[in-house]
Amino acid sequence: CVAGDKRLTFAEVDKLTDSIDPSYTVRCGERVVGFSVPRDEKMVLAPLAIAKAGLTQLPLDSSYPEERLEFMKQDASAYDGTDALVLLYTSGTTGTPKGVILSEENCRIFTDFHVKHTGLKVGSRYATYAGYGFDAYQHDLWACVWAGATIYIIQDDIRFNLEAIYEYICKEGITHCFMTTQMATQL
């Protein structure tokens with residue numbers, strides 16, 4: 001895991017995710033744990049710690065409006081009885097945001113397909129652009145976990161600067177990256 005100047009080995013990530021850090025997590029029911037973290041190594045540590053505990057992660061991106069975050073935390077308890085790895089919420093542009101469950105099996109099938117067709121493997125360097133509240137980030141994270149690749153978190157200070165992202169990709173020797181079409185075509 002690489003986030004800015006912070007570089008963690010797989011062993012360090014494994015040790016740091018043996019427990020859930022209460023400083024950036026909140027219980028949203030019996031089995032659902034919400035987390036709100038900066039764009040740093042905690043984007044990897046929080047969901048992995050929650051998954052290792054056998055609980056469902058609920059990404060609570062701090063860029064969302066407060067009333068949306070409160071709704072998500074309250075609504076999440078309705079998903080307590082499910083066997084979910086991740087609980088995401090739709091944008092709510094057509095009304096109320098809706099919870100969407102990603103099971104471990106769903107994530108594994110999708111990421112296995114991705115790994116097989118992109119050649120992602122141990123030694124690969126995967127830059128993640130998406131916010132952790134989006135399904136694209138779940139794709140990035142779990143593909144790296146299952147392939148043994150290193151995930152590189154594109155920091156906020158360069159995230160909307162195409163020239164800086166290009167320089168970062170070249171400097172770090174990035175081998176894989178998933179971005180929106182709008183960003184990737186400009187890069």
Side-chain angles (χ1 to χ4, degrees), residues 1-10 12-17 20-26 28 33-51 57-73 76 85-93 97 100 102 107 111 114 118 120 124-145 147 149-187:
C1 169
V2 177
D5 294 333
K6 186 84 165 187
R7 294 176 185 266
L8 299 172
T9 65
F10 279 99
E12 289 169 324
V13 168
D14 186 46
K15 183 175 179 168
L16 289 168
T17 57
I20 299 171
D21 188 334
S23 69
Y24 53 78
T25 58
V26 60
C28 300
V33 178
F35 70 94
S36 181
V37 295
R39 206 166 165 81
D40 64 15
E41 70 278 1
K42 292 176 192 80
M43 280 180 59
V44 172
L45 300 176
L48 291 180
I50 294 165
Q57 59 163 296
L58 171 62
L60 298 167
D61 191 322
S62 62
S63 69
Y64 294 165
E66 190 59 38
E67 70 179 35
R68 176 185 166 91
L69 293 171
E70 284 306 313
F71 169 80
M72 291 165 60
K73 288 188 265 187
L85 178 64
V86 184
L87 174 59
L88 297 175
Y89 277 80
T90 61
S91 65
T93 54
V100 179
L102 301 176
C107 286
T111 55
H114 175 76
T118 64
L120 191 64
S124 294
R125 296 171 171 221
Y126 194 114
T128 184
Y129 176 81
Y132 63 85
F134 289 95
D135 57 348
Y137 176 71
Q138 298 301 320
H139 167 266
D140 295 348
L141 173 65
W142 298 111
C144 288
V145 168
T150 302
I151 191 167
Y152 286 70
I153 299 165
I154 296 175
Q155 301 292 280
D156 275 334
D157 61 338
I158 67 167
R159 195 156 167 240
F160 300 106
N161 180 329
L162 292 172
E163 188 175 313
I165 292 172
Y166 179 77
E167 289 172 11
Y168 177 79
I169 287 171
C170 293
K171 177 182 149 231
E172 295 293 348
I174 300 300
T175 59
H176 296 76
C177 183
F178 179 81
M179 300 183 131
T180 62
T181 303
Q182 185 179 27
M183 288 296 289
T185 56
Q186 294 180 57
L187 198 58

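Just the heavy atoms: all of them, side chains too, but no hydrogens, waters or symmetry mates, feed the values below. From a predicted model like this one, the values you see are computed outputs, not experimental measurements.
In this structure, the separation between CZ on R159 and CD1 on I153 is 11.0 Å, given to the nearest 0.5 Å. Taking SG of C28 as the start and CG of L60 as the end, the distance is 5.5 Å to the nearest 0.5 Å. To the nearest 0.5 angstrom, T175 atom OG1 is 6.5 Å from L120 atom CG. For the atom pair CZ of F10 and OG1 of T150, the computed distance is 5.0 Å after rounding to the nearest 0.5 Å. S124 contributes atom OG, which lies 12.0 Å from atom CD1 of I151 (distance to the nearest 0.5 angstrom). Note that NZ of K42 is 6.5 Å distant from OH of Y24, once rounded to the nearest 0.5 Å.
Here the side chains of H176 and T118 are in contact, with some heavy-atom distance below 4.5 Å. Within the 4.5 Å cutoff, no side-chain heavy atoms of E167 are placed close to those of I158. Side-chain atoms of Y126 and C177, non-hydrogen and from C-beta on, never get closer than 4.5 Å to each other. Using a 4.5 Å heavy-atom cutoff, the side chains of P97 and F71 are in contact. Residues L45 and D21 fail the side-chain proximity criterion, which asks for heavy atoms closer than 4.5 Å. Side-chain atoms of Y137 and M43, non-hydrogen and from C-beta on, do get closer than 4.5 Å to each other. Residues V100 and D135 fail the side-chain proximity criterion, which asks for heavy atoms closer than 4.5 Å. Under the 4.5 Å side-chain criterion, counting only non-hydrogen atoms from C-beta, C1 is not in contact with E12.
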How far apart are the C-alpha atoms of L141 and T128, what are their side-chain angles, what is the distance that settles it, and do they pass the side-chain contact (heavy atoms from CB on, under 4.5 Å) test? CA-CA 8 Å; L141 173 65; T128 184; over 6 Å; no

Apply side-chain contact (heavy atoms from CB on, under 4.5 Å) to residues W142 and V145 and explain how you reach the verdict. CA-CA 5 Å; W142 298 111; V145 168; 4.1 Å; yes

After noting the C-alpha distance and the side-chain angles of S36 and Y132, does the key distance pass the side-chain contact (heavy atoms from CB on, under 4.5 Å) rule? CA-CA 9 Å; S36 181; Y132 63 85; 3.8 Å; yes

If you apply the rule side-chain contact (heavy atoms from CB on, under 4.5 Å), what do you find for E41 with L16, and how did you get there? CA-CA 11 Å; E41 70 278 1; L16 289 168; over 6 Å; no

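Of all the heavy atoms in R125 and I174, the pair that sits closest is O-CG2, 3.4 Å. A pairwise comparison of heavy atoms in L162 and M183 identifies CD2-CE, 3.3 Å as the closest pair. Scanning both residues, D14 and T17, for their nearest heavy atoms gives O-OG1, 3.1 Å. In plain terms, the two heavy atoms of P59 and V86 that are nearest each other are CD-CG1, 4.4 Å. L88 approaches Q138 most closely through the heavy-atom pair CD1-CG, 4.3 Å. Annotation for Q182 and Q186: closest pair O-NE2, 3.0 Å, computed over non-hydrogen atoms.
Applying the 6.0 Å contact sphere to CZ of F134 captures no more than 12 heavy atoms from other residues, nucleotides or ligands.
By the 30° and 60° cut-offs, the orientation of the rings of F178 relative to H139 is tilted.
Formation of a donor-acceptor pair under 3.5 Å by the R39 side chain with backbone atoms of I154 is found in this model. Under the 3.5 Å distance criterion, the side-chain polar atoms of E172 are left unmatched by any main-chain donor or acceptor of C170.
Checked against the 6.0 Å centroid threshold, Y89 and Y64 do not count as a close aromatic pair.
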